[in-house]
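Just so you know, these numbers come straight off a predicted model, no measurement behind them.
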2 protein chains.
Amino acid sequence: MKKDIKKYKLLNIKLTPQRIAILDYLERNKTHPSVSEIFKYVNRRFPSMSFATVYNTLNTLVQHGRIRELTMDNDKKRFDPNTLPHHHLTCIKCKRIIDVDLDYPLSLPENKSSGFKVLGNHIEFYGICSECSSLNKQQKKKLSEII
Amino acid sequence: MKKDIKKYKLLNIKLTPQRIAILDYLERNKTHPSVSEIFKYVNRRFPSMSFATVYNTLNTLVQHGRIRELTMDNDKKRFDPNTLPHHHLTCIKCKRIIDVDLDYPLSLPENKSSGFKVLGNHIEFYGICSECSSLNKQQKKKLSEII
DNA sequence: TTATTAGATTATAATGATTATAAAATAAGA
DNA sequence: TCTTATTTTATAATCATTATAATCTAATAA
Ligand SMILES: [Mn+2]
Ligand SMILES: [Mn+2]
Ligand SMILES: [Zn+2]
Ligand SMILES: [Zn+2]
């Protein structure tokens, strides 16, 4: 209880069980989950929880700078509880997203920024994860199971 | 006519007026437009054109590696006719996306890539464009006009 | 040139993600 | 404990995107 308050109170938003559950899930999770993944999890503990609450909570947390909204997955929003500057590596097949905790000092000269105030950057490495690399074998298995 | 064929024929897809118009628009355009922006434009020349054709064409061109689908804008897909490796600078307010044509050699050591086959990277610089920076004044004007 | 046909376009329905609305519930402070 | 501003919930609405099926046409070859 105290923990929760200590951890979340600074946001100056009401501390509800649903919000605590959502933020707890995000913090114990390194997968950069989507809204439906978050909903699936917290809904197990709060069967009455609405999908709208997950959206509301996530939007509120983003607005308060408590979490970060990722863009790499064009199909749906993904969320990151770590708002410190860091980069990501995405699997182009399954859209798995992992952290890249390396420092890359990137400077963008003013004469190349067309009048923009440059605030930061984010590197998206992309590739194919090990599961998707070895999919040829698995594909056959799964296909044979399905068909 | 010959130009079109020379330009697009290599894709081994049927050369239709709609496809030519869509690709022409993309190539004369540095704004990384969305589907609806593309539709709005080509629909002026092909009033019978369907929204589905724009989606179909864009997906086909992406699949054939002729254009690139961008992810920075979480609200809608944006498209880039330049498939050569380059980076981008996005306005966090209006989502304007401009090119960053600088070479940044970024290496991701194997022991930091969790078994991924790393294929490339893309840097998203972000900031505030000049139009959005000066919005405070404009906002007042527009607000006073509206209210 | 004409006939054939695989592939493209169109109109439209369906889906999926996200946002909006309004009533009921509740956290937080007095 | 009381009050109230916020939040949650249920649900409808909206927006982007994909799927379907009928119609059309670019490309090929006779
Ligand atoms: Mn992360
Ligand atoms: Mn570009
Ligand atoms: Zn994968
Ligand atoms: Zn802007």
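- Between A:Leu15 atom CG and C:dG29 atom P the separation is 11 Å, expressed in whole Å.
- Between the CG atom of A:Asn43 and the P atom of D:dT8 there is a distance of 14 Å, rounded to whole Å.
- The shortest distance between side-chain heavy atoms of B:Glu131 and B:Lys93 does not fall below 4.5 Å.
- C:dA17 atom C1' lies 15 Å from atom CG of B:Asp73, rounded to whole Å.
- For A:Asn43 (side chain) and A:Phe39 (main-chain N/O), no donor-acceptor pair under 3.5 Å exists by modelled atom type.
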Where do B:His88 and B:Asp80 land on the side-chain hydrogen bond (donor to acceptor under 3.5 Å, both in side chains) test, with the steps shown first?
-> CA-CA 11 Å; B:His88 294 94; B:Asp80 193 335; 3.0 Å; yes
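- Nearer the 5' end of DNA chain C, as judged by each residue's closest nucleotide, is the contact made by B:Thr57, out of B:Thr57 and A:Thr16.
- In this structure, the CG atom of A:Leu58 is 14 Å from the P atom of D:dT7, given to the nearest Å.
- Phosphate proximity of D:dT8 to A:Arg19: present, with a side-chain N or O under 4.0 Å from OP1 or OP2.
- B:Tyr104 places a side-chain N or O within 3.5 Å of a backbone atom of A:Ser107 that can act as its donor or acceptor partner.
- Checking side-chain atoms of B:Arg78 against main-chain N and O of B:His32 turns up a donor-acceptor pair under 3.5 Å.
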Where along nucleotides 10-25 of chain D does protein come under 4.0 Å, by heavy atom, of base (B) or sugar-phosphate alone (S), with - for untouched nucleotides?
-> B-----SBBB-----B
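- Proximity of A:Leu106 to B:Leu106: side-chain heavy atoms (C-beta onward) are separated by under 4.5 Å at one or more points.
- Between A:Ile13 atom CD1 and C:dG29 atom P the separation is 13 Å, expressed in whole Å.
- The phosphate of C:dT26 has neither OP1 nor OP2 within less than 4.0 Å of any side-chain N or O from A:Gln18.
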